[in-house]
Amino acid sequence: MEVAIGKEQPSLLGRLNAWREEHVSERMFVLILAFLVGLLSAVAAFTLHWIINQIVAMLTGSFDANTSNWLYLVYPVVGIYLTSLFVRYIVKDNISHGITRILYAISSNKSRLKSHNTWSSVIASAITIGFGGSVGAEAPIVLTGSAIGSNLGQLFHLDRKTMMTLVGCGAAGAIAGIFKAPIAGLVFTLEVLLIDMTMSSMLPILVSCVTATCFTYIFSGNAALFTFHLDNPWTVERVPACVLLGVFCGLVSLYFVRTMSWAEGIFAHFKDKPHVKLVLGGIVLSLLIFLFPSLYGEGYLSINLLLNGKTEADWNQILNNSLFAGQGGMLIPYILLVLLTKVFATSATNGGGGCGGTFAPSLFIGCFAGFFFARLWNIYDIGVYVPEKNFALMGMAGVMSGVMHAPLTGIFLIAELTGGYSLLLPLMIVSVSSYLTINIFEPHSIYGARLAKEGKLITHHTDHAVLTLMQLDAVIERDYTAVAPDMELGQIVHKISGTRRGTILPVLDSAGNLLGEIDIVKIRHIVFRTELYHHFTASQLMQDAPATLAHSATMTDVMRTFDRTRADWLPVLDEDHHLKGYVSRQRIYTMYRKMVADMSED
């Protein structure tokens, strides 16, 4: 009796994907996914901020505004400790530097982000910020949104170009949802994630931005993170003050980036000592928040005080809960000290084991820098009067533009965020001046600097972008034919007859180390002389390779090596100098041309 064995039934996802391929065009399907990414990004942003607000209200709701509170010494340490436990025992992966991780995924991991990134950053950053961690929730939400896009792309086995677009949709949707600023979300993806806006990618990203913004309005109403009312319109006489504010913001941005890098280096020394990092970060953060409560959490309450204050009494509220409460004469020193110490509080939060980004800190520092600049300008009567609240707003755009190397993002985010479109021209002046100032000293943003050092940062330069996206491991030929140094010519000829590709035979010792290589073309005059088959060995016929490539080499370095040596094949060695395989110049150029063509398609 025969038993019929049927074919394995496809999964529900497989059947759905097959139906989709038959009935839905690729372009329409990407737009549907962009809508889903925008919706889920808005949900993630609303959820994170709701959790943060609940924790903050529970912990600090009963504090007396007229005096300092010793609990500021406790809460931040508890938050960092709980976050570190969550990351170490539940997530079991590094989730810090969210936007940098997105850039790395785009450039080096085919836009693939791990599935836990769709939720882990939300929980970790909520704990950190709610308990007082002096970081922002934006970078974790951007990572969450991008991870949602990436995992949807992986679920449906989409190509790398579409995956990159979906990652951009997630990032753009996150920014648009958090700030209710769809244009800023679009521009952020262009400037910070460096995703080229071809027609095939712009429409999905716009769909994601609009979707996220609309659903955020549904979830939270018309309330904005920051409120601003223009009481003193801009005049052309303030151009010099705006230019100088931009230069000042550029220098503040440089201070922020350099100090952050220095502080990260200190915590990196204790990479294998998490308890030391916790103690160091906790002590620094707690002391700073105790002295300057404005550093608690994202600091948006302090920003709103500076943006909406009209009198000394309004601005002096920023001293509440501190040792300086009620001492109006300490306002300017307090503003300056908060401005200088915010970067240390942010570094201590992340370095100690917390989770958060630098997006909100850059807005915070920018607001304080703008207010400080305008206040001193008016006190010393340097020129025409400048309104402090207007310059606090422009300072936010200036420092963000400098830290992120994203002047358009700074301009449109602040304009959309506060409805300050009447200040669009001064926002442009400040943002561009800040960007040009910091660009003299720092060629890359705070997010891209780490990857730029490794040659893994994508730029809008097509050649460089293609080489960054190419992976050396993907072009290595591993089916080479190797010979031993004592192998005789007769045996070598037999090996040659079995060689399927290439004209190079590597000579390896017993450990797999490359001793040299035999160029088949150069020994063709003796391969048919059988009387010489026992007179020559591989060690006598081999020659040194024109150059060797490290397995970790960037494709830019690989291309430079090929140009310098004029070789057709180059060996690739691993960390132990063992041969991994060969790279063909022809194969690299073929792949390069194909990727350039793909990137050029609209």
Side-chain angles (χ1 to χ4, degrees), residues 34 37-38 41-42 44-45 48 97-107 111 113 121 136-150 164-198 201-213 216 224-226 253 356-363 366 396-418 424 427-428 431-432 434-435 444-449 451 457-460:
V37 171
S41 297
L48 175 55
H97 301 307
I99 295 177
T100 301
R101 301 188 80 77
I102 298 170
L103 291 171
Y104 177 81
I106 292 173
S107 66
S111 298
L113 289 162
S121 294
E138 290 75 21
I141 287 298
V142 170
L143 176 59
T144 299
S146 294
I148 291 171
S150 175
M164 186 187 299
T165 299
L166 290 177
V167 167
C169 287
I175 294 296
I178 292 169
F179 297 111
K180 297 179 181 175
I183 298 177
L186 176 70
V187 175
F188 172 85
T189 304
L190 171 66
E191 284 192 303
V192 179
L193 298 189
L194 302 168
I195 293 178
D196 285 321
M197 290 297 174
T198 60
S201 62
M202 183 179 292
L203 188 56
I205 292 174
L206 277 173
V207 168
S208 180
C209 289
V210 173
T211 302
T213 304
T216 301
L225 280 178
F226 307 123
S253 303
T358 56
F359 203 108
S362 67
L363 290 174
M396 293 169 69
V399 173
M400 172 178 286
S401 300
V403 169
M404 299 184 184
H405 281 232
L408 291 177
T409 301
I411 293 167
F412 286 106
L413 177 63
I414 302 305
E416 287 186 289
L417 200 58
T418 60
L424 196 59
L427 283 172
M428 291 180 179
S431 295
V432 171
S434 175
Y435 172 73
H444 301 289
S445 72
I446 193 171
Y447 304 124
L451 295 180
L457 179 65
I458 292 181
T459 71
H460 287 298

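Heads up: numbering here begins at 1 and tracks the sequence.
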Practice prompt. Evaluate the criterion side chain to side chain contact (heavy atoms under 4.5 Å, CB included) for residue pair F226 and L363; output intermediate values, then yes/no.
Written response: CA-CA 11 Å; F226 307 123; L363 290 174; 4.3 Å; yes
Worksheet item: After noting the C-alpha distance and the side-chain angles of L413 and F359, does the key distance pass the side chain to side chain contact (heavy atoms under 4.5 Å, CB included) rule?
Response: CA-CA 12 Å; L413 177 63; F359 203 108; 3.7 Å; yes
Worksheet entry | Closest non-hydrogen atom pair between P182 and C209, with its separation | O-SG, 3.6 Å
Fill in: CD1 on I141 to OG1 on T144, rounded to 0.5 Å
4.5 Å
Practice prompt. May I ask you to check whether F188 and F179 place their ring centres under 6.0 Å from each other?
Written response: no
Discussion item. Minimum heavy-atom separation for A397 and L427, please, with both atom names.
Written reply: CB-CD2, 3.7 Å
Worksheet item: Taking all non-hydrogen atoms of both residues, which atom of A184 and which atom of T409 are closest, and how far apart?
Response: O-CG2, 4.5 Å
Worksheet item: Do you know which two heavy atoms are closest between G149 and V37, and how far apart they sit?
Response: CA-CG2, 3.7 Å
Worksheet item: Roughly how far, to the nearest 0.5 Å, is the CD1 atom of I148 from the OG atom of S41?
Response: 4.5 Å
Discussion item. Taking the side chain as everything from C-beta on, heavy atoms only, tell me whether M428 gets closer than 4.5 Å to P407.
Written reply: no
Discussion item. Check whether E416 reaches the backbone of I183 with its side chain - one donor and one acceptor, N or O, closer than 3.5 Å.
Written reply: yes
Discussion item. Could you check whether any side-chain N or O of S208 sits under 3.5 Å from a backbone N or O of P204, counting only pairs where one atom can act as donor and the other as acceptor?
Written reply: no
Practice prompt. Please confirm whether the backbone N or O of G38 pairs with a side-chain atom of T211, one donor and one acceptor, at under 3.5 Å?
Written response: no
Worksheet item: Roughly how far apart are E191 CD and M404 CE, rounded to 0.5 Å?
Response: 10.5 Å
Worksheet entry | Under 3.5 Å: donor-acceptor pair, side chain of S146, backbone of V142 | yes
Practice prompt. Work out which heavy atom in V167 is nearest to a heavy atom in S150; give both atom names and the distance.
Written response: CG2-CB, 3.9 Å
Worksheet, complete the sentence: CD1 of I411 to OH of Y435, rounded to nearest 0.5 Å, is 12.0 Å
Practice prompt. Could you check if a side-chain atom of S253 sits within less than 4.5 angstrom of a side-chain atom of M400, using non-hydrogen atoms only?
Written response: no
Discussion item. S434 vs V399, test: side chain to side chain contact (heavy atoms under 4.5 Å, CB included). Steps then yes/no.
Written reply: CA-CA 7 Å; S434 175; V399 173; 6.0 Å; no
Worksheet item: Nearest 0.5 Å, what's the CD1-CG distance between I205 and L186?
Response: 6.5 Å
Worksheet item: Short question: side chain of E138, backbone of G357 - any donor-acceptor pair under 3.5 Å?
Response: no
Worksheet item: Got T189 and I175 here, is their nearest side-chain heavy-atom distance under 4.5 Å?
Response: no
Item to complete: Please report the closest heavy-atom contact between A212 and A42, naming both atoms and the distance.
Response: O-CB, 3.6 Å
